[in-house]
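Throughout, a chain's letter reflects where its sequence line sits, starting with A, and its residues are numbered from 1. Note that the coordinates shown come from a computational prediction; the quantities given were computed from them, not determined experimentally.
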Amino acid sequence: MESILRCTNLSKTYGHFYALSSINLTLPKGKVVGLLGPNGSGKTTFIKLAAGLLTPTDGGIEINSMPVSVDTKSLVSYLPERTYFNKNAKVQDCLDLFEDFYDDFDKNKAILMLADHRISVGAKMKTLSKGMQEKVQLALVMARRARLYLLDEPLGGVDPAAREYILNTIVANINPEATILISTHLIYDVENVLDDVIFLKDGRVVLYDTVDNIKTQRNTSIDALFREVFVCSRNY
Amino acid sequence: MLWTFQANRPVYLQIAERIIADISNSKLVSGAKLPDFRAFAYNIGANPNAVAKAYQYLVENQVLALVSGEYIVLESTQAEQAEEPEAKDVADDTNIKQKKLCSDFIREMSDLGLSKKEIVTFLCNYMVEENKNQNQ
């Protein structure tokens, strides 16, 4: 199967701390992949490396067989943990920014998604709640026709009723050429739309398998497996 | 309508089972065309890959056939073919059907948000009322 992302011996250190150590990973095209792990396991670092916002300390990362660079950024649609829009901008201004910035941006699709969330394009970002701002950001990111979507905690501030809608928009976008990587703690909400899961622990990949394999072999949910692998014990 | 899935079993299997259930209760008749997997996935809120895998699984099990790019419900399922020539114990078949109907009923009621206890209560009340109506 053709791959969209490949990393070899990928490491990233912050000072002496290894955020990621020697990751070898290949993501196929046309899949929805969950990047799961507890806080501080390296999920955001991994996504930022793939988005080209960080440079590896060691090893390499390729998107569509090209090293991560300015060129690969046009293939990658990245949803950061926090929204980066000017708080004084209107939703319309953000739409214009994306249209100006990305050739693959489908403005009409974004407007339709915003309408589904009842977000007016005339609203100022600062008048929207945190969850609404995240929905604006997600609509913009998903309205691009990218090859790789990197979604860092797309459901964090969103209410449970809207999560279902958002997941549907996310999976509706997948096509044989596009892969979606979702990092999240809300495993129960996402596991039924995932094809594959990656478990990260202390900067290393401890599991990478298809969801169907895991469920068939272990007869358990991904949520339950996650709790088993990353069990927290009380030491006080 | 969005479908809900159990978290401890592969989604494609659950989709395949629902399609089989729709065939056995004649919501889907033989010769019917199934929608394009992408459209179907969109309607039920599932990953298109899971629907594609479910269709593939049903083709392998001779429930569906892939005819010029479209998935068609086959005339008789493998299960029925196996039962007919042997003329197996009729009571046994009925029992299977009853179990199937019950499990479908419970699943659909659960999807509506009822607990198992509530389903039992609802069914009892319903039967009592229906009895009354018939006696009138």
Side-chain angles (χ1 to χ4, degrees), chain A residues 1 27-34 36 109 112-113 116 142 149 160-180 182 186-197 209-228, chain B residues 1-22 34-61 63-64 66 68-71 103-104 106-116:
Chain A
M1 200 176 288
L27 298 188
K29 288 182 179 174
K31 299 284 178 189
V32 186
V33 183
L36 315 176
K109 191 170 173 183
L112 288 175
M113 283 196 260
D116 280 346
M142 293 314 295
Y149 297 87
R163 276 179 210 157
E164 196 171 68
Y165 170 87
I166 286 174
L167 284 170
N168 289 341
T169 10
I170 291 174
V171 291
N173 265 17
I174 111 142
N175 63 64
E177 291 298 315
T179 283
I180 302 168
I182 307 174
L186 300 164
I187 303 169
Y188 185 80
D189 289 304
V190 302
E191 66 171 281
N192 280 334
V193 304
L194 299 178
D195 289 301
D196 301 338
V197 284
D209 203 350
T210 70
V211 170
D212 288 346
N213 275 350
I214 293 169
K215 291 187 178 185
T216 310
Q217 286 165 12
R218 302 175 196 243
N219 198 18
T220 181
S221 67
I222 305 300
D223 190 63
L225 181 64
F226 184 89
R227 287 165 202 266
E228 194 184 307
Chain B
M1 191 193 68
L2 300 180
W3 290 5
T4 50
F5 298 102
Q6 297 163 355
N8 59 347
R9 300 178 59 229
V11 170
Y12 83 92
L13 272 183
Q14 298 182 54
I15 295 171
E17 283 166 4
R18 290 231 196 165
I19 294 172
I20 291 173
D22 282 350
L34 271 90
D36 160 67
F37 73 90
R38 200 165 287 282
F40 192 62
Y42 185 79
N43 288 337
I44 65 172
N47 183 330
N49 293 333
V51 176
K53 198 168 173 185
Y55 281 10
Q56 190 55 43
Y57 173 82
L58 291 171
V59 169
E60 280 161 20
N61 286 282
V63 176
L64 301 179
L66 182 56
S68 53
E70 296 199 88
Y71 288 91
S103 83
D104 287 350
I106 293 166
R107 195 194 59 234
E108 280 178 30
M109 291 296 269
S110 306
D111 285 354
L112 294 176
L114 273 76
S115 70
K116 287 205 171 127

J.: Which region of B:L13, side chain (C-beta onward) or backbone (N, CA, C, O), has a non-hydrogen atom less than 4.5 Å from a non-hydrogen atom of chain A, or is it both or neither?
T.: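 For B:L13, there is no contact with chain A at all, as no heavy atom is under 4.5 Å.
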J.: With a 6.0 Å cut-off (strictly less than), is the heavy-atom count around CD of B:Q14, excluding the residue itself, greater than 12?
T.: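 Yes, the 6.0 Å shell around CD holds more than 12 heavy atoms from other groups.
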J.: Non-hydrogen atoms of chain B under 4.5 Å away: do they reach the side chain of A:Y165, the backbone, both or neither?
T.: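 Contact with chain B involves no heavy atom of A:Y165 at all.
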J.: Of all of A:N175, A:T210, A:L167, A:I170, which one pairs up most often with chain B through heavy atoms under 4.5 Å apart?
T.: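 Counting heavy-atom pairs under 4.5 Å, the top option is A:N175.
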J.: Please name the pair of heavy atoms, one in B:A7 and one in A:E191, separated by the smallest distance, quoted to 0.1 Å.
T.: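 Result for this residue pair: O-OE1, 3.2 Å.
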J.: Tell me, side chain or backbone of A:I214 under 4.5 Å from chain B's heavy atoms, or both, or neither?
T.: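 Contact with chain B: none, neither part.
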J.: Using heavy-atom distances under 4.5 Å, tell me whether B:F5 contacts chain A through its side chain, its backbone, both, or neither.
T.: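 Contact with chain A is through both the backbone and side chain of B:F5.
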J.: Give the member of A:T216, A:V32, A:N168 that has the highest number of heavy-atom pairs under 4.5 Å with chain B.
T.: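 Top option by heavy-atom pairs under 4.5 Å: A:N168.
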J.: Backbone N or O of A:G30 within a donor-acceptor pair of the B:N49 side chain at under 3.5 Å?
T.: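 Yes; judged by distance alone, with no hydrogens or angles, the pair exists.
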J.: What residue in A:V171, A:V211, A:D223 has the most heavy-atom pairs under 4.5 Å with chain B?
T.: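 Top count of heavy-atom pairs under 4.5 Å with chain B: A:V171.
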J.: For the residue pair A:V193 and B:N47, what are the closest heavy atoms and their distance?
T.: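 Looks like O-ND2, 2.7 Å.
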J.: Using non-hydrogen atoms only, which part of B:Q6 is less than 4.5 Å away from chain A: side chain, backbone, both, or neither?
T.: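 Contact with chain A involves the backbone of B:Q6 alone.
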J.: State whether the number of non-hydrogen atoms from other residues, nucleotides or ligands found under 6.0 Å of A:R227 atom CZ is greater than 12.
T.: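 Open: at most 12 neighbouring heavy atoms sit under 6.0 Å from CZ of A:R227.
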J.: Between B:A41 and chain A, with a heavy-atom cut-off of 4.5 Å, which part of the residue counts as in contact: side chain, backbone, both or neither?
T.: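 The answer is neither part of B:A41.
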